[in-house]
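Below: the structure, in structure tokens.
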Protein chains: 2
Amino acid sequence: MDNQLDTFFAAMADPTRRAVIERLAQGPASVTDLHDPSAMALPSFLKHVNRLESAGLIRSEKTGRTRILNIEAAPLAQAEDWLGRQRRLWEGKLDRLQALAEAMERRKL
Amino acid sequence: MDNQLDTFFAAMADPTRRAVIERLAQGPASVTDLHDPSAMALPSFLKHVNRLESAGLIRSEKTGRTRILNIEAAPLAQAEDWLGRQRRLWEGKLDRLQALAEAMERRKL
DNA sequence: GAGTTGGTTATCCATGTGGCTAACTATCTG
DNA sequence: CAGATAGTTAGCCACATGGATAACCAACTC
């Protein structure tokens with residue numbers, strides 16, 4: 001029951017974490033690179049990074065003492081799909097309702 | 001700082017609430033309609049519905065004693081956009097990196 | 001008007017989440 | 001080796017979240 005989408009959406013529901021994703025979308029970066037602009041204490045920030053990683057949204061590779069983070073695009077695409085599917089379903093319904101309304105209108109005139 | 005996306009993603013990070021959205025994408029329904037298949041107590045379920053509404057994901061209209069729920073598509077589209085933007089950014093980077101790698105490869109040969 | 005149905009409100013409780021500080025390890029750099 | 005740098009771990013705290021019951025209100029239905 002604990003869908004992939006669960007952890008994905010939960011991961012994205014925080015501005016700090018979304019900022020990390022936004023930054024990583026433009027290319028890899030280290031933990032401190034990402035942390036620098038933030039007012040938050042490093043350990044708190046690290047927890048966000050770890051959550052992103054355990055949600056499968058980023059990967060990381062440690063070389064020496066620095067840890068380089070990379071975004072993982074697949075989950076984004078997956079969530080995008082789900083949202084699009086729901087939205088299109090609903091918009092399709094709307095279209096059909098509107099068509100029906102118009103048909104009835106024509107018939108009445 | 002409390003972005004629209006905050007409340008949106010938080011709202012979607014729960015399977016019960018996503019199930020409501022999935023169902024409403026196929027057309028309007030009443031609270032009990034939606035609750036019926038669920039094992040959860042009604043008041044708990046109601047809290048989910050209310051959260052969806054205050055996140056702007058659904059609208060509701062009460063006629064008599066029943067409350068009819070409607071999905072609101074705009075926020076879905078907005079989140080979809082954000083995700084798509086990040087993903088395309090990243091994929092664009094990948095493409096350019098790959099092109100670069102290929103160019104270097106050609107030059108070496 | 002008595003009973004039923006559809007929602008709603010009020011508490012309560014356990015757990016999760018997001019922030020902090022302090023203290024530590026591990027890797028450079030001079 | 002001594003110090004600085006980059007992460008990490010541990011522990012603490014306030015508050016939000018997701019679930020439950022109990023009791024209630026408001027509208028149908030007979």
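Naming convention: chains lettered A, B, ... in sequence-line order (proteins, then strands); numbering from 1 in each chain.
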In whole angstrom, what separates B:N50's CG from C:dT8's P? 7 Å
Closest heavy-atom pair and its distance - A:R17, A:A10: NH2-O, 3.1 Å
Does some side-chain heavy atom of B:L24 sit less than 4.5 Å from a side-chain heavy atom of B:L34? yes
Contacts to DNA chain D from residues 41-49 of chain B, heavy-atom cutoff under 4.0 Å, which residues? B:A41, B:P43, B:S44, B:K47, B:H48
From CG of B:D14 across to P of D:dA16 the rounded distance in Å is 18 Å
From CZ of B:R67 across to C1' of D:dC25 the rounded distance in Å is 15 Å
Please examine the side chains of B:F9 and B:L83, heavy atoms only from C-beta on, and report whether any two atoms are closer than 4.5 Å. yes
Where along residues 25-36 of chain A does a heavy atom fall under 4.0 Å from DNA chain D? A:S30, A:V31, A:T32
Nearest 0.5 Å, please: how far is CG in B:L52 from NZ in B:K47? 14.0 Å
Nearest 0.5 angstrom please: B:Q78 CD to B:Q4 CD, how far? 5.5 Å
Taking C-beta and beyond as the side chain, do A:R18 and A:P15 meet within less than 4.5 Å on heavy atoms? yes
Correct closest heavy-atom pair for A:R59 and A:I71 would be NH2-O, 4.1 Å
Using a 4.5 Å cut-off on heavy atoms from C-beta on, say whether the side chain of A:E91 contacts that of B:L76. no
Distance check needed: C:dG18 C1' versus B:D6 CG, whole Å only. 13 Å
Check whether any side-chain N or O of A:R17 sits under 4.0 Å from OP1 or OP2 of C:dG18, and answer yes or no. yes
Look at B:R51 and D:dT17 and indicate whether a side-chain polar atom (N or O) is within less than 4.0 Å of OP1 or OP2. yes
Picking from C:dG7, D:dT8, D:dG19, which would you name as closest to the side chain of B:M40? D:dG19
Straight-line distance of A:R23 CZ to B:L89 CG, nearest 0.5 Å: 13.0 Å
Under-4.0 Å side-chain N/O to phosphate OP1/OP2 contact, A:K62 with C:dT27: no
Minimal heavy-atom distance between A:F45 and A:S38, with the atoms involved, is CD1-OG, 4.4 Å
Pull out every protein N or O sitting under 3.5 Å from an N or O of nucleotides 27-30 of chain D, one pair per line with the distance.
| residue | atom | partner | partner atom | Å |
| --- | --- | --- | --- | --- |
| D:dA27 | N3 | B:R65 | NH1 | 3.3 |

Would you name the heavy atoms of B:L57 and B:P75 that are closest together and state the gap between them? CD2-CB, 4.1 Å
